[in-house]
Structures are given as structure tokens and as C-alpha cells.
Amino acid sequence: MFSAQTYQDRRAVLQGNVSSGILLFLGNIENPVNFEHNPYYFRQDSTFLYYFGVQEPRIAAIIDIDENKTIVFGDELSIDDIVWMGRQETLKEKSLKSGVQETLPYAELSQYVAKALASGRKVHYLPPYQSSNKILLADLLGIKIADLQPSVEMIKAIVKQRSIKEHQEIVQIEQAVEVSNEMHLLAMLAAKPGMKEYEIANAIQHLAADKECQMSYPPIVTINGGILHNHYRLNTMKEGDLFLNDSGAETAMGYAGDLTRTFPVSKTFTTKQKEMYEVVLNTFNIAQSLLKPGIRFKDIHLKAARHLVEGLIDLGLMKGNPEDAVKNHAHTLFFQCGLGHMMGLDVHDMEDLGEQYVGYTEQEPKDTKTFGLKSLRLGKELESGFVVTVEPGIYMIPDLIDMWQAENKNADFINYNKVNEYRNFGGIRVEDDFLITDDGCRLLGNGLIKTVEDIENYRAEHLA
Ligand SMILES: [Mn+2]
């Protein structure tokens, strides 16, 4: 945990940004796998971690703005619990570590909320994503789940605060990135023809676990990198395959890393792979060079897309004017997703609070219709203190190629004959994490190799 002062200060800032009423925070529960006492891995809610730091299932908290007090609700262990689980730090002790003096039994939460509602006070709450919390909120408020109305005022205040990372948060994120770097180096030295994809997934998870880290999301370790979120891991790697590893560690305090590297299963890239890889890497470098406060991430995304198109024109897959190609979204045949997203306590930071608040503004809302832009999670102007990912890619998706070709879509910009030579090429993505600074950006972590030369040399050193 950070210091008690940290959590007190964060709560004070939040309290100052919401006018009145009570702020209700629900922690997560241990969700059952197949029966109640056999739960999935417990992960505390990130907003709860941010303001209270307490990693305990089935607790809640209230910041009462009108009465200027903060209470954590939860149950201390009974003697039966202690028999089974041993003596543990009490909830009272844990709460004190985040500077909360008052704890009450969990059952008193409903009375507190009912009293506030009865006296006509506003009860602010966040959009619930766990089913148990949807049910709990509906019960506490005496309404149907479908009628829940999360507080926009509370969401906006939290997004504003959590978007700007404190120095100690950056330290945490860099720890996560450092462990992620090691995971990627391990994958690069371990992967060889004949192995199964899951062997790499297992190896990197083992490495992270030994460093007291979890995965910040289920790793994508695949020879079919053309599938954006591919979690199938039973393929056998063979000579000539490209291996895409999108994986990141999460520190014990909950901070994420999110990195992607693509490398050949053989000792070297083929010429075709190298050419495509360098288009992606150049695009990455252009995007990185544009990161600074005051520029809209959507504009960086579109500029990166233009460079991707230029590279694909050089290779003969595209043609025409790059600017016009991007205006017509022709690049989305190859780059269907967004250039990056916010990162912090969540790998997609605060996605539970709503992309319209985290990645966009009311004045410039997300384009939710256009293929490509509808998958861009971050569009708004960057600010010093943001942590973002940059992750351009090329993804060859046979079904999409066939569909576009049947419609002769963007035929002015796409050489379908050439594209079909690459239809089974797979995919390439390169991803790093950056802090936006006052005058630009800083790469988080010590830097993970990414040029063709560095990757080939690294693999040559380690492959027998
Ligand atoms: Mn990412």
C-alpha cells in the first residue's frame, strides 16, 4: 500500500470535486467457479484500490460529503473464519492504513444508504461490472438493475483524478513494465519450432508469478497474430511462423504493464516479414515522436495510419494518395483497431467508468460507427501525467479481405491482387507504454528490444 496520507489526500481531492451527497464505493467479491467456496482469483476493484487500498473481498466504503466522514463497511473474521483461515490483520487495521478511522459491519451499509435516500440526499455510485455488485446496488437503492443510474459527477471527478498519475504510481507502473520486459525476453529466447504456444504462455506466467505479479490481462501468445484477441494456444510453432506476444504483468498493488512484440519462430525474419515489420515499427516510431501534451490522440492515430499506408504503398499492397486513403478509412483493411489506450490500475484504465469520459470529451465524442475509429479507445487531448500505450499493427484477416474485395471497397487505394498474396500472413503488433511529460513523453521501463536487427541478434545468441 501507499501511505495513509496518500489515500487521505486522494479522497480529499475527490470530495472537493463532488458537490454533495454520499459517494458509494463497492469492492469486488470472490466469484465462485463451480461452488461458493471455490472462487476465481480475487481482484479488488481499481477505484476501490485507488481511494482505499484495501485488498479484501466483500467490503464497501462511503465518503459522506455532507457530514465529512469516511467509513469502510465489512465484516471482521468470526471465530469460525479464524478456525479455517487463521488469524489475520483485521479490517479495522487494514482501513487505518489508508487513514480511515471508522469501520462498520457490512450489514449496516444498507441502513446507511437507506437513511441517506430517505432524507433526500444524493447517493453517487459507479457503473457496476460484476453481477454481484449490480444486484447489490439494485437492492441498496430499491430499484431494478435496468434502472441503475451511475453518477456522472462522480465518474468525471474520478476520471480527472486517476488520469494524472502520481510519481509513486509511475514507479509502480514501471515495475510492472520491467517484469513485462523480462516476460517478453523470455518468450523471445524460448520460442522455437516444435513448441506449443501454451508453453510460452506458461513460461511467462511462471516468471511473473515468481516476482509476485499477476497478468494484467490474459496473454495473447499466438502464431496467428492476425486475430486481434486470440486466446487459442494449442498451435505448434513452425519454421516461418511469426510469433505475436501481447502480455503484461500486474504488480501486487494492481498496476499494469502492457507490451507486445512480434518475432520470427525461425532464427530470422523472412524478407516479406521484415518488410511488413518495418512498416509497423516505423509507424510506431512516428507515433512515439508525436506524443506530447495538447495533441489529440485521435490525430496521432490518424497520422500513424497515414505512415502505415505509405509503407504499404511502398510494398505494393496499397496505392494512391495516402491522405485520401486514410480519409476513406482504407487503412482499416490492415489496421482495424486503435493506436492505444490509457493504462494504470487497469490495463485499459478506467474502462469500467465509460470510454466516453476516459478517452473522449462531450465536445469531441467517440465515433462509434466508423470501422476502425469505433475501436479507438482514446481520442482526446493528451495531458502531462497520462500513461498511454502505443500499439500500431498490421493484421491480415482473410474474411475481411474477401468481404471488401467482393464489394470492391476502396479499390482506388488497395491492390487486391497483392493483398491476396499476404492473406495468410498473420499479424504484427509492436506496443510500448509511455508517460506523457510536460514537453513530450518518456518510455516506461528500461526499453525492450524491437528492431529487426536487435531481435534477430538476441535470438541468434540464445537459440542453439
Ligand atoms: Mn494494449
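All values reported here derive from a predicted model rather than from experimental measurement.
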Closest approach of [X] and [Y], non-hydrogen atoms and distance?
X    : Y    : result
Q44  : E56  : NE2-O, 3.0 Å
P193 : E239 : CG-OE2, 3.4 Å
A287 : A304 : CB-CB, 4.3 Å
L376 : L339 : CD1-N, 3.6 Å
L315 : V279 : CD1-CG2, 3.8 Å
D438 : S384 : OD1-OG, 2.7 Å

Is the charged tip of K272 near the ring of F425: under 6.0 Å from the six-membered ring centre and within 45° of its axis?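 K272 over F425 ring: no.
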Axial cation check for Y50 ring with R10, 6.0 Å and 45° limits: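 Checked: cation-pi criterion met.
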Mind running side chain to side chain contact (heavy atoms under 4.5 Å, CB included) on V221 and R233 for me, showing each step along the way? CA-CA 7 Å; V221 280; R233 295 171 185 162; 3.8 Å; yes
For side chain to side chain contact (heavy atoms under 4.5 Å, CB included), just list the numbers for E381 and T361, CA-CA rounded to whole Å, side-chain angles, deciding distance to a tenth of an Å, and then say yes or no. CA-CA 9 Å; E381 218 171 78; T361 60; over 6 Å; no
Would you say the side-chain atoms of [X] pair up with the backbone N or O of [Y], donor to acceptor, closer than 3.5 Å?
X    : Y    : answer
H206 : A201 : no
K369 : K374 : no
R423 : D402 : no
E275 : D314 : no
E30  : P39  : no
N282 : E278 : yes
Y217 : G248 : yes
S151 : Y125 : no
Y7   : F2   : yes
N133 : G27  : yes

If you measure from the Lys or Arg side-chain nitrogens to the Asp or Glu carboxylate oxygens, is any gap between [X] and [Y] under 4.0 Å?
X    : Y    : result
E364 : K380 : no
K192 : E199 : no
R459 : D454 : no
K211 : E182 : yes
R429 : D246 : yes
R162 : D349 : yes
D147 : K144 : no
E456 : K267 : no

Go through it in stages, so that I can follow the logic: the residues are V152 and Y357, the test is side chain to side chain contact (heavy atoms under 4.5 Å, CB included), and I'd like the CA-CA distance, side-chain angles, deciding distance and then a yes or no. CA-CA 9 Å; V152 174; Y357 306 110; 3.4 Å; yes
Verify whether one side chain among [X] and [Y] offers a donor that lies under 3.5 Å from an acceptor in the other.
X    : Y    : answer
Q175 : Y255 : no
T389 : E391 : yes
S375 : Q336 : no
Q405 : N420 : yes
K196 : T236 : yes
N224 : T222 : no

Please work out whether the ring planes of F243 and F263 are parallel, tilted or perpendicular, with thresholds of 30° and 60°. tilted
Enclosure of [X] [atom1] (heavy-atom neighbours >12, cutoff 6.0 Å):
X    : atom1 : answer
H231 : NE2   : yes
Q149 : CD    : no
E461 : CD    : yes
K319 : NZ    : yes

Residue pair Q168, T6: steps toward the side-chain hydrogen bond (donor to acceptor under 3.5 Å, both in side chains) verdict: CA-CA 10 Å; Q168 58 188 355; T6 292; 3.1 Å; yes
How many angstroms lie between [atom1] in [X] and [atom2] in [Y], if you round to the nearest 0.5 Å?
X    : Y    : atom1 : atom2 : answer
F48  : L26  : CZ    : CG    : 8.5 Å
L207 : N202 : CG    : CG    : 12.5 Å
R43  : Y41  : CZ    : OH    : 6.5 Å
D346 : E250 : CG    : CD    : 8.5 Å
L444 : D258 : CG    : CG    : 12.0 Å
K94  : Q55  : NZ    : CD    : 9.0 Å

Partner of L353 under side chain to side chain contact (heavy atoms under 4.5 Å, CB included), picked from S46, P127, P150, is P127
Step by step, work out the side-chain hydrogen bond (donor to acceptor under 3.5 Å, both in side chains) result for Y129 and N28. CA-CA 10 Å; Y129 52 90; N28 283 336; 3.0 Å; yes
Does the ring centre of [Y] sit less than 6.0 Å away from the ring centre of [X]?
X    : Y    : value
H301 : F297 : no
F334 : Y395 : no
F25  : Y51  : yes

Please determine whether side chain to side chain contact (heavy atoms under 4.5 Å, CB included) holds for the pair M342 and F386, giving the CA-CA distance in whole Å, both sets of side-chain angles, and the decisive distance to 0.1 Å. CA-CA 7 Å; M342 302 276 269; F386 281 14; 3.7 Å; yes
Evaluate side-chain hydrogen bond (donor to acceptor under 3.5 Å, both in side chains) for E431 paired with T260, printing each intermediate quantity in order. CA-CA 5 Å; E431 176 178 28; T260 308; 2.7 Å; yes
Is there a side-chain contact between I436 and R442 in this structure, where contact means two heavy atoms from C-beta onward sitting under 4.5 Å apart? no
Audit row: N408, Y416, side-chain hydrogen bond (donor to acceptor under 3.5 Å, both in side chains) steps and yes/no: CA-CA 9 Å; N408 213 17; Y416 280 104; 6.0 Å; no
